Visitor: 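Mind having a look at this structure? Questions to follow.
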Amino acid sequence: MFPDRFLPAVVVFALLAFGAILSAAPWRADLGLDSGKALLLALLHIELALTLLLPGPRRPDSRRALFMQGAWLLACAAASSAALLCFAYRAQPEVVLKARGLALACWAAAFGVSALGHALQSRLGGPWELRLRLIWLSVAALPALWHYFALEYAQRSLLHLRPLSPHWLLAAFPDGAWTELEYWPLVALAATCWLAAAILTRQGSQP
Amino acid sequence: MMPRAPVLALLMLCAAAAPAQAIDAARSGLLSAPRARPGCFAPLRLVFEAPPGATGALIESVSPGVVLTRQVNVSGTGATEARIPWFVGAGSFVRVTIGGASAEFTPPMPARPQLPSYGRHYTAVFAPDPAAARDALKPGDEWPCDFFTDSEAFSDWRMLDGYDAVLLFNPGSAAWPAGLAQALSDFASLGGAILTTDHFAPPKASAPTTLVLGDVAFSRQYCGAGAVYRVRHASLLAAPQPGLALTAALRDHRWQGAPTPPSGPAPSRAVSEPHARGWLVPLPPHEPSAPPLFFALCGLLLLASLLGPVLAARLSKRAWPGAICVVLAALAVAWPAALQPGPPLTIEASEVELIVGDVASRRSFVTAPMPEGNSLVWTVNLDGPGPRLLPRQAPARVEYGAWMVDEPDSQPLKTKPVAYELRAGSIAGEMFRNFAARARRGQTSLDDGQALVLDWWLEASAYRGRDAALRGAETETRPLAGWDNAQWRFRGAISVTPLRQDR
């Protein structure tokens, strides 16, 4: 859609735009965003949503390009953190700083899933990148909805999917009363995806 | 045989770990033990040994949300004794700091807690001979007394916080220490009763009136919401039961001249009417407008994330310099962004003034949201100039802190000329709730904040059968200081003049 090098700019622009809208919108009080802490929490959710919704980096043509994607991952995570911290005049920055580990894990998982999808696509053919991203989106973004439907219709809880859903984790513990250990499945997923992508991507040749 | 070196090293380590000053726990404790009133400050004696060469010590009385400090001079040798108000409640202790090293001491809780009651008048008695005074007065369950010598008389009303009354039992020969008159004037202005057998009189007291209570003639003077009852020493001792006469005087004051006690639990400084019934719901916090630094940082971040990779691509064929450039720019923006002072703490204050004549005292109700990852603690220097404030923490909403601040002998507030008289639960022939509702609708001369506090006070006080004249008041005085990044919001103030039933 657009070159990898503009991913941080897109992230920054989106966060600043959402921050400006949520700060100035007349209906912000109706959404419960009239305090600075609520605004920062809303922006945190938007940042985590961007990790899921943004188109991933383009297909790596070699393992070296895979490492480049790691550099852009860091750039996106740093840029989104800086954009959120710009709003620290509205609330204490601890709200943002506490969620940095979770956000980095989300960025790593999103880029890892995308890289693995590209690698599988080059090996097996078929729209694997799209499939994996859809699966990842379903697992990470929809447990809250699943939980609702499960409770509503089947009287079952899917709360055990919470460590995989960064949004749900943040919603369950908005004050950061969670530790890094609680999102270890996210970290493990990211590491696995990156490792698999590195193995499946051919060294120095066009797939 | 044990080797010497390890033993010596162990001893040295133990000596280094011990505090430089040692608090003598056996000689330290509540002066009023075994009695004290929970939720109030009680006089505490602290005895400690200072290290050689020390000249001064900082004593801190630490209670939840409040720290009282006092600086004392340390004598060269021997034990040093200091007295400080100590909060009778969970989580409070005393800390002594000398030259950076500190030691802490938590006195035992009183074995006989004195809960507020209209039928029991907790009194501090100062007498040159406490044993003789105890024999003469014969305190009992209805009149619990703590006896102090005249040399122990306090020069700060904050040591008397838990008492309903103070009795100066003086045959006439003792000279009271300097500062006691000010302490008692402060105590009376806050509504306390003072019984005296000598010639003590607060400087702003009203003209005396004579009355006979328990077959003993008393002279009564009002001092703000409090009163001074003077009785001749000889006539008090000549009475068949001096204690009953003094209790009658205390009832005369605390029951507002009524033959029966007011209904409901007795108020004290620990449990005050408005906070016992409800706490003002805080308004949304003050939201600061975006500072210029915010726009500068946002613009810089946007430009760096957009132009950095483009310029890096012009300068180098590799892609990683662009990513590194964005990371460095983001870090450069994030650092000052995280150091922004944050929003000011919105602190709300409401005030209820007690005033009779020219003598007033003030109780401020302060509410503030607890800062993220921090606790809000107010520090009061007991030796400092200015009003002798005494804050104490109160129940508050979740994520909020609340304090009540007592200020004795305060400057009268600027009040509205119209006074509303509360009599038998009615104001101007209208039930107090109807009047409060009318005030909340803006149909009286009170503004929104005043109507809010008035409604609040009436809900707590009207059912007690208390009569009072109520006025709207204006205030902009911060009851507490010490928090820089704070936005004070004054919700409202009222002025209350208690009316006696027998006037």
Side-chain angles (χ1 to χ4, degrees), chain A residues 3-17 19-20 23-24 28-29 32-40 57-58 60 64-65 67-98 100 175-176, chain B residues 282-314 318-346 369-374 399 485:
Chain A
D4 291 354
R5 63 175 185 271
F6 290 129
L7 275 175
V10 172
V11 170
V12 168
F13 181 80
L15 285 175
L16 293 182
S23 297
R28 68 184 189 278
L33 300 177
D34 49 348
S35 78
K37 188 178 175 184
L39 173 74
L40 278 188
R58 65 189 171 88
R64 199 171 173 183
F67 288 119
M68 273 312 305
Q69 290 191 356
W72 287 118
L73 181 162
L74 283 178
C76 285
S80 65
S81 301
L84 288 182
L85 284 172
C86 286
F87 290 91
Y89 78 95
R90 291 286 304 272
Q92 299 297 325
E94 280 80 8
V95 183
V96 176
L97 296 175
K98 277 179 187 170
R100 285 310 84 202
D175 290 330
Chain B
L283 295 174
H286 169 74
E287 292 299 331
S289 55
L293 180 65
F294 167 76
F295 295 106
L297 291 175
C298 290
L300 190 64
L301 182 62
L302 204 53
L303 276 178
S305 59
L306 200 61
L307 296 181
V310 175
L311 291 176
R314 290 286 179 103
R318 301 176 186 277
W320 61 265
I324 297 297
C325 180
V326 173
V327 170
L328 291 178
L331 290 178
V333 169
W335 183 260
L339 293 180
Q340 290 180 96
L345 200 65
T346 305
M370 284 300 186
E372 188 80 26
N374 202 350
E399 294 189 347
N485 190 18

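This structure is a prediction, so every number in the text was calculated from the model and none was measured. Each chain gets a letter, A, B and so on, in the order the sequences are listed, and its residues count up from 1.
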Visitor: How far does CG of B:Leu297 sit from CG of A:Leu16, to the nearest 0.5 angstrom?
Guide: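 Between B:Leu297 CG and A:Leu16 CG, I get 10.5 Å after rounding to 0.5 Å.
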Visitor: What part of B:Ser289 lies closer than 4.5 angstrom to a heavy atom of chain A: side chain, backbone, both or neither?
Guide: backbone
Visitor: Among B:Pro344, B:Ala313, B:Ala338, which residue forms the greatest number of heavy-atom pairs with chain A at distances under 4.5 Å?
Guide: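 Ranked by heavy-atom pairs under 4.5 Å with chain A, first place is B:Ala338.
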Visitor: Between B:Pro341, B:Ala290, B:Gly322, which residue shows the highest count of heavy-atom pairs closer than 4.5 Å to chain A?
Guide: B:Ala290
Visitor: Just by modelled atom types, is the A:Cys86 backbone N or O under 3.5 Å from a matching donor or acceptor in the B:Gln340 side chain?
Guide: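 Pair found, side chain donor or acceptor close to backbone of A:Cys86.
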Visitor: Which heavy-atom pair separates A:Leu85 from B:Ala337 by the least distance, and what is that distance?
Guide: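 The pair with the smallest heavy-atom distance is O-CB, 3.4 Å.
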Visitor: If you look at every heavy atom in B:Val326 and A:Ala79, which pair is closest and at what distance?
Guide: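 Smallest heavy-atom distance, with atoms named: CG1-CB, 4.4 Å.
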Visitor: Among all residues two or more places apart in sequence or in another chain, which pass the ring pair (Phe, Tyr, Trp, His ring centres under 6.0 Å) test with A:Tyr89?
Guide: B:Phe294
Visitor: At their closest point, which heavy atom of A:Ala88 faces which heavy atom of B:Pro343, and how far apart are they?
Guide: O-CD, 4.2 Å
Visitor: Using a 4.5 angstrom heavy-atom cutoff, name the option from A:Ser80, A:Ala78, A:Ala77, A:Ser81 with the most pairs to chain B.
Guide: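 Looking at each option in turn, the highest pair count goes to A:Ala78.
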Visitor: Show every donor-acceptor pair shorter than 3.5 Å between a side-chain atom in residues 5-12 of chain A and any protein atom, with sequence neighbours excluded, or say none if there are none.
Guide:
none

Visitor: Report the option among B:Leu293, B:Ile324, B:Val333, B:Leu301 that has the most heavy-atom pairs separated by less than 4.5 Å from atoms of chain A.
Guide: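 Maximum pair count with chain A is reached by B:Leu301.
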